[in-house]
Amino acid sequence: MDGPAVWIDATRPASARQLWGMHLVERQVREMALRGCRSFRLVVTEQTRAAVVEMRADLHRLYEVEVEALEVADEAAVFARLARAEEALILLAGDAVYDDRVLSHVLAGGRGGAVVDGQRAALFLAVEECAQLADGVENWSELLAWAAARLSVCTAADLDPYVASLRLHMPAYIFLLQADAELRTVDHLMYRRTFKGAIDGVARYGYYHLVRWITRHLARGRSTPNVYTVLSVLCVWGASPLIASGWVGAGLATAWWGVILDSVDGKLARLRLHLSDAMGTFEHVAAMPGLGLWFLATGWHLSSGQLFVAEPIALSTWLMLALFLADKACSGLFKKWVGRELFDYRPIDARFHLVAARRNIALLLLTMGALTDALLPCWYGLVGWMALTLVFHLVRLAWVLLSLRSGAVADS
């Protein structure tokens, strides 16, 4: 079933501001199309029509939407035009950037609801509520005062700040864009919003700005995030035969490109609203064995292919794979039994995740070993760190389960 019609007030020039490869109005169209809305009315003036009606070429390939431009004389005429609407509708401001939680909340709340933040809001209006706008509402300030008296209103700050899919705590927002400084602020905020809340130190302090630079340039182009997903998987898998064959430097460089492109494709998809569940599943399934294959390839190289003999390098390789799989099982059981990710359950878990023996940290240690001609000592160090990581996660799993069972809150 299609969602309600969406009306976007695009009468102010700021509605045409570009942000991560598209203007603000198209961003709202895509956000609402993701939530099942198909009918869009862009309320424009003669001055804004050309800028906001032009959208990216892939819009209609990705979403089955009907976009119609309704021209009015000025902002005041927007509300007179809304008063003649013959359908329930969601009203958005074209010069604002909406957090996706705001849009989801308004849509789920149904008619007669609104989320307000500062000078802008997202409103779900019934036909009779639209008709009331003809009585003294000529701008957004008056609309917000009208909504406060007649609708069920909450603020963006009232919404849940936790984003489960990204393990991230960040308050929801509606940003009104008027000055270049505000554009830079929301640009940074939106990029930060694509990162998982609990990430390793390499992603946070190493390639954070590099990925941002790459993503910014790609966002302006026509290439799809799926291209970089495929390239990422190819690099992740291609690193293993290179390492195993003795081309350790080339293999590790390929692996680094794999993890960087893995970061780029997700951010590009979220920022350009070019999302694919099928490709996301493919990436997760295809890339998941990558780290285990790196371990196996490193052990193969260090042991000269003698992995089935009772020698320290061979034994350490199989131990590493066992520890890696046990740690994956531990985090999976934690999520199943507790309902939250182990990596950000409490601040101590997020802090440990900065240095835990996950993909980037393991790759960093192997790279340090290759650069200093000390790959074998670094390999043994990595095996030990993987063991300590598993022990920490097992202790946290037991501690949290016991705390929850006793009715206590596991704060540390």
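Both backbone and side-chain heavy atoms feed into the values below; hydrogens, waters and symmetry mates do not. Bear in mind that the values here come from a model prediction, so they are computed numbers and not experimental data.
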Under a 3.5 Å threshold, yes or no: a donor from one side chain and an acceptor from the other, between [X] and [Y]?
| X | Y | value |
| --- | --- | --- |
| Arg17 | Ser15 | no |
| Tyr208 | Ser263 | no |
| Arg12 | Thr48 | no |

Quick one: list whatever passes salt bridge (charged side-chain N to carboxylate O under 4.0 Å, His left out) with [X], sequence neighbours left out.
| X | result |
| --- | --- |
| Glu129 | none |
| Glu142 | none |
| Arg216 | Asp187 |

Practice task
Could you tell me whether Arg30 and Glu26 make a salt bridge, using a distance below 4.0 angstrom between a side-chain N and a carboxylate O?
Solution key: yes

Exercise for the section: May I ask you to decide whether Arg359 forms a salt bridge with Asp200, counting only side-chain N to carboxylate O separations under 4.0 Å? Expected result: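 So Arg359 does not pair with Asp200 through a salt bridge.
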
Completion exercise
Residue set satisfying side chain to side chain donor-acceptor pair (under 3.5 Å) with Thr11, at least two apart, ordered chain then number -> Asp9

Kindly state each residue pair satisfying side chain to side chain donor-acceptor pair (under 3.5 Å) with at least one member in [range], sequence neighbours excluded.
| range | value |
| --- | --- |
| residues 145-156 | Gln132-Arg150, Thr155-Asp158 |
| residues 347-357 | Asp349-Arg396 |
| residues 362-379 | Trp256-Thr367, Ser316-Trp379 |

Could you tabulate the donor-acceptor pairs under 3.5 Å formed by side-chain atoms of residues 106-120, not counting sequence neighbours?
from   : atom 1 : to     : atom 2 : distance (Å)
Asp117 : OD2    : Ile174 : N      : 3.1
Arg120 : NE     : Asp95  : OD1    : 3.1
Arg120 : NH2    : Asp95  : OD2    : 3.1

Could you state the interatomic distance from [atom1] ([X]) to [atom2] ([Y]), rounded to the nearest 0.5 Å?
| X | Y | atom1 | atom2 | answer |
| --- | --- | --- | --- | --- |
| Met368 | Leu382 | CE | CG | 11.5 Å |
| Leu293 | Trp300 | CG | CH2 | 13.0 Å |
| Met320 | Ile313 | CE | CD1 | 13.0 Å |

Would you check if [X] and [Y] make a side-chain contact, meaning some heavy-atom pair closer than 4.5 Å?
| X | Y | value |
| --- | --- | --- |
| Asp160 | Arg101 | no |
| Val236 | Asp262 | no |
| Ile348 | Phe352 | no |
| Leu42 | Met55 | yes |
| Trp7 | Arg81 | yes |
| Glu138 | Glu75 | no |
| Trp385 | Leu388 | yes |
| Pro4 | Leu89 | no |

Could I get the full list of side-chain contact (heavy atoms from CB on, under 4.5 Å) partners for [X], not counting sequence neighbours?
| X | answer |
| --- | --- |
| Leu325 | none |
| Trp213 | His217 |
| Leu394 | Cys330, Leu390 |
| Arg61 | Asp58, Thr224, His274 |

Practice task
Give the C-alpha distance, both sets of side-chain angles, the deciding distance and a yes or no for side-chain hydrogen bond (donor to acceptor under 3.5 Å, both in side chains) between Ser403 and Arg405.
Solution key: CA-CA 5 Å; Ser403 298; Arg405 186 173 182 179; over 6 Å; no

Practice task
Return yes when atom CD of Glu54 has more than 12 non-hydrogen atoms of other residues, nucleotides or ligands closer than 6.0 Å, and no otherwise.
Solution key: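 Atom CD in Glu54 is not packed in, count stays at 12 or less.
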
Problem - Nearest heavy atoms of Phe124 and Ala88, plus distance in Å - result: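 So the two residues come closest at CE2-CB, 4.2 Å.
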
Problem - Distance flag, aromatic centroids of Tyr345 and Trp399, threshold under 6.0 Å - result: no

Practice task
Before giving the answer on ring pair (Phe, Tyr, Trp, His ring centres under 6.0 Å), spell out for Trp318 and Phe308 the whole-Å C-alpha distance, their side-chain angles and the decisive distance to 0.1 Å.
Solution key: CA-CA 10 Å; Trp318 298 116; Phe308 297 99; 5.7 Å; yes

Problem - Cation-pi, Tyr162 ring and Arg340 (6.0 angstrom, 45 degrees) - result: yes

Exercise for the section: Kindly determine whether Phe175 and Tyr98 satisfy ring pair (Phe, Tyr, Trp, His ring centres under 6.0 Å), including the steps that lead there. Expected result: CA-CA 7 Å; Phe175 266 107; Tyr98 291 86; over 10 Å; no

